[in-house]
Amino acid sequence: MSSDLLNGLNPAQHAAVTAQGSALVLAGAGSGKTRVLTTRIAWLIQTAQVSPMGLLAVTFTNKAAKEMLTRLSAMLPINTRGMWVGTFHGLCNRLLRTHHREAGLPQLFQILDQQDQLSVIKRLLKTLNVDTDKYDPRKLQAFINMNKEAGLRADKVEAWDPYTRRLAEYFGEYDAQCQREGVVDFAELLLRSHELLARNALLREHYQERFRHILVDEFQDTSRLQYAWLQLLRGPGGALFAVGDDDQSIYAFRGADVGNMGQLMTDLGIAAPIKLTQNYRSHSTILDAANAVIGNNRNRLGKELWTDAGKGEVIRHFQASDDGEEARFVVEEIQALRRDGLGHSQMAVLYRSNAQSRAIEHALFSAGLPYKVYGGLRFFERAEIKHALAYLRLVANPDDDNAFLRVVNFPARGIGARGLEQLSDAARQAGTSLWAAACASGAGKKGVAAFVLLIEGLRADSLELPLAEKIEHIVALSGLIAHYQNEKDGEDRVENLRELTNAALSFSAEAETQSLEDFLAHAALEAGEHEAQAGQDAVQLMSVHAAKGLEFHTVFLTGLEEGLFPHENALNEADGLEEERRLMYVAITRARRRLYVTHSQYRLLHGQPRYGLASRFLEEIPEALVQSLRPARTAYQAPTYGARPTPVAVDAALPSGKYPHRIGSRVTHPRYGEGVVGGYQGQGAETEIRVSFPGAGDKWFILEYARLTNC
DNA sequence: AACTCTTTAGTCGCG
DNA sequence: CTAAAGAGTT
C-alpha cells in the first residue's frame with residue numbers, strides 16, 4: 001500500500017519521507033520539496049502513525065497551503081476539511097478566535113494589514129503630538145514589527161539611547177491603543193498566540209498532545225518568534241519535520257532568521273540534515289552556474305545541486321549600452337523564441353527591483369507582445385476595496401475607529417477635519433469609540449447624523465441577507481459605486497467593487513459560511529491575486545523575490561549591475577551581500593532550459609542618469625558556461641534568430657566592470673555631441689573620463705554624472 | 001470642503 | 001522620473 005506512495009522517490013527523498021521522529025530536510029531548488037512534504041503527510045496518515053487531525057502543517061503562503069491540500073486529497077481518500085494545514089498567520093488566527101477570551105481579545109477582533117497599521121500609527125503619533133519629522137511613522141512601524149517578530153514587547157525592548165527609548169514608548173502606546181480598539185496586526189497574531197500558549201499550560205498541553213507531527217515548509221523563512229511558536233506546540237514526544245533551503249533565504253528584511261536551521265538541529269539533537277540535491281528542473285550548465293555563485297557564500301549548511309539531464313544550453317550574456325537597448329534585446333529574443341514555438345508564458349523577465357519593469361514593459365508594448373506584470377497592489381489592498389471593507393467592518397462592529405475614519409467622509413458627506421476633531425475629542429473624553437461619540441453628539445450635525453443613520457440602516461437592512469447579497473447591498477448604498485462612476489478613470493474601480501461580490505460568493509461556497517466576520521478575516525489574511533494585465537499566453541515580468549518557487553523554460557535575468565544587483569542598500573547591511581547572492585542563486589535556478597543574463601552600462605534611475613558596472617555576480621559565473629552576445633558595432637540591431645552571426649567574445653582588453661566606455665571608442669554627449677574617449681583618471685566615484693570633441697576640444701567629466709552614450 | 005499644487009521618497013513583500 | 005501624500009488655495 002504505502003509502496004504506492006513511495007514509488008518513484010529517489011533515495012534521499014525516500015529517507016526524508018519516512019524519517020523517524022524529527023528531521024531537517026535541506027531541499028535544494030527543484031529537488032521535489034513539495035512532493036516530499038505532501039508524501040510524508042500521506043505516508044504518516046496511511047501507515048496510521050497519525051490521524052489527519054493529529055498533525056499540523058505550516059506554510060508561508062496561502063497558495064502553498066492550498067496546493068498541499070490539493071495534492072494530499074489526490075493521494076489519499078480523506079476529507080482535508082478541518083485539518084490544521086495553513087499559514088502561520090491563518091493558524092494563529094484560528095487559535096486566537098477559538099480562545100479569544102484566554103488571549104484577552106474580543107471575539108470579533110479585526111486584523112490590520114500593513115496599510116491599516118501605518119494609518120493607526122500615524123493617528124497615534126498625531127494624538128500624542130509627536131513630530132513626525134523626527135519620528136518617522138514608517139520607521140516606527142518597522143521597529144514595532146521587528147521587535148514583535150523577535151518576540152519582544154515594548155517593555156522588553158533593549159533601548160540604550162533616548163531615541164530608541166522613545167520608539168519603545170510609542171510601541172507601548174500603539175499596543176495599548178490596539179488593545180482598546182480590539183485590532184491586531186500581523187505580527188501580533190503570532191506574538192499573541194505565542195503568549196497564549198506560553199502562559200496557559202492546560203491549553204498548551206492540549207495542543208501538544210494533539211499534534212504528534214508538525215511539518216514546516218520554507219523553514220529558512222521562519223522568524224525567531226515563529227520558531228518559538230513551533231517549539232511550544234511540539235510536545236515532549238512530538239516530531240518536527242522542517243523542510244527548507246538556507247541558500248534560498250531571501251527574506252531577512254522581514255524577520256526571517258536562517259539561524260533557525262542550525263538552531264533546530266541543536267535543539268532536537270539532529271546530527272545532520274537530509275539533503276535533497278538532485279534537481280529535476282534544470283540542465284547542468286544552469287546548475288553549475290548556480291553552484292559556483294552560491295559557493296562564494298561563507299555561512300552555508302552546504303550542498304551542491306546536480307542533475308542527470310545533461311549539459312543543455314550555454315548561458316547567454318548580453319551587455320547593453322542603455323536600458324532601452326537591454327529591453328529591445330530581450331524583446332528580440334522573445335520574438336525569436338516565439339517563432340521557434342515557445343509559448344510566451346514559458347518566458348520570464350526578472351529584475352531586482354520593480355521599477356526596472358518600465359523599460360521592459362515599454363519595449364514589449366511597442367512590439368505588441370502580451371505580458372503580465374506581477375507585483376503592485378493586490379485585490380484586497382486596492383483603495384476602493386478597502387473603502388468597501390471599511391463599510392462592512394462598521395456594519396459588523398461600529399466601534400471600529402479605523403473603519404470609521406476611513407469612510408466617515410468618503411464619499412464626501414460634509415464632514416471635515418474640524419468636525420472630526422470635535423468627535424475624537426468627545427470620544428477621548430468619554431472614553432468611547434468615535435461611533436459612540438457620533439451617536440451621542442452628532443445628532444446636531446447633519447453630516448454625522450446622516451452617516452450614523454446610513455450605517456444603522458445598512459445593518460438593519462442586510463441582517464438576514466446571505467453574505468454576497470449583503471455585501472452587494474452595502475456597497476450599493478454606501479455611495480461608493482456612484483462616486484466612482486462620476487470620477488474619470490473610475491470604471492476599473494467600479495468593476496473591482498462588483499468583483500467583491502463575486503469574491504464573497506466564492507468564499508462562502510468554499511468556506512461554507514455566510515458570516516461577514518469570517519469574510520473580513522479572510523480578506524485580511526489573503527490579499528488576493530496580484531494585479532496582472534490581461535492576456536492568455538503572456539510573457540511573465542516579476543522581481544526575483546516574486547519568482548521564488550516558480551520555474552520557466554527561459555529566464556531573462558536583467559539589470560545585473562553593481563548597485564542594482566547586488567543592491568547598494570544591501571551592502572551596508574550585515575550579511576547583506578550574502579543575501580543578495582542567495583537572491584542571485586534563486587534567480588538562476590528559475591530557468592529550466594535557457595538563461596539570459598544582461599546588464600546595461602547606463603540607465604535612468606529615479607530620473608537620474610546612472611553608470612553601472614557589471615555585477616560581481618556576473619563574474620562569479622564560470623566563463624566556460626557563458627557565451628557573450630554583442631550588439632552590432634552601431635546601435636543594437638535585431639539579429640534574426642538562427643541566422644545570427646557567430647557571437648564575438650567580449651573584448652578582454654578591459655574588464656567589463658570598471659570602464660563603461662572603451663578608450664578610443666566614440667561616445668555622444670548631450671551638449672558637445674560626438675567625441676572620442678581619450679582616457680580615465682581617478683578611482684571609484686571620483687573616476688573622470690576624458691573625451692575629445694571635434695568642436696569643443698578635450699573635456700573631463702566625472703564618470704558617474706557624465707551623460708555619455710556609446711555610439 | 002473640494003480642488004490643485006507642491007513636496008517627497010523611491011529594494012525586496014508573505015500574511 | 002513618477003506616484004502618492006500632505007499642504008495650500010479657492
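What you see is a predicted model, and the numbers here were worked out from it, not measured in a lab. All values below were derived from every heavy atom in this structure, side-chain atoms included, with hydrogens, water molecules and symmetry-related copies excluded. By convention in this document, chain letters (A, B, ...) are assigned in the order of the sequence lines, proteins followed by strands, and residues within each chain are numbered from 1.
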May I ask you to decide whether A:Glu149 forms a salt bridge with A:Arg254, counting only side-chain N to carboxylate O separations under 4.0 Å?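 No, no charged N to carboxylate O under 4.0 Å.
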
Its contact letters, B for base, S for sugar-phosphate only and - for none at protein heavy atoms under 4.0 Å, make nucleotides 8-15 of chain B read --BBBBBB

Footprint string (nucleotides 5-10 of chain C, 5' to 3'): B base within contact, S backbone only, - free, heavy atoms under 4.0 Å: -S----

Report yes if the distance between the aromatic ring centroids of [X] and [Y] is under 6.0 Å, otherwise no.
X: A:Tyr351; Y: A:Phe565; result: no
X: A:Tyr163; Y: A:Tyr135; result: yes
X: A:Tyr484; Y: A:His387; result: no

Counting the atoms with a prime plus P, OP1 and OP2 as sugar-phosphate, which does A:Asp221 contact under 4.0 Å by heavy atoms, base, sugar-phosphate, or nothing?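 Result for A:Asp221 = nothing.
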
Categorize A:Ile415 for me: base, sugar-phosphate, or nothing, with a 4.0 angstrom heavy-atom threshold over every strand shown.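 A:Ile415: backbone/sugar contact only, no base atoms under 4.0 Å.
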
Compute whether any side-chain donor of one residue and acceptor of the other, for A:Asn260 and A:Thr222, lie under 3.5 angstrom apart.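 The criterion, which ignores hydrogens and geometry beyond distance, is satisfied for A:Thr222 and A:Asn260.
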
Donor-acceptor pair between A:Gln115 and A:Gln117 side chains, under 3.5 angstrom: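 Per modelled atom types, A:Gln115 and A:Gln117 side chains form no pair under 3.5 Å.
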
Is A:Arg582 reaching over with its side chain to a backbone N or O of A:Ser249, donor-acceptor style, under 3.5 angstrom?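 Yes, the answer is positive, given that a donor and an acceptor are paired below the 3.5 Å cut-off.
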
As a test of understanding, state which of A:Leu189, A:Asp175, A:Leu190 forms a side chain to side chain contact (heavy atoms under 4.5 Å, CB included) with A:Lys148.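 Among A:Leu189, A:Asp175, A:Leu190, the one that satisfies the side chain to side chain contact (heavy atoms under 4.5 Å, CB included) with A:Lys148 is A:Asp175.
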
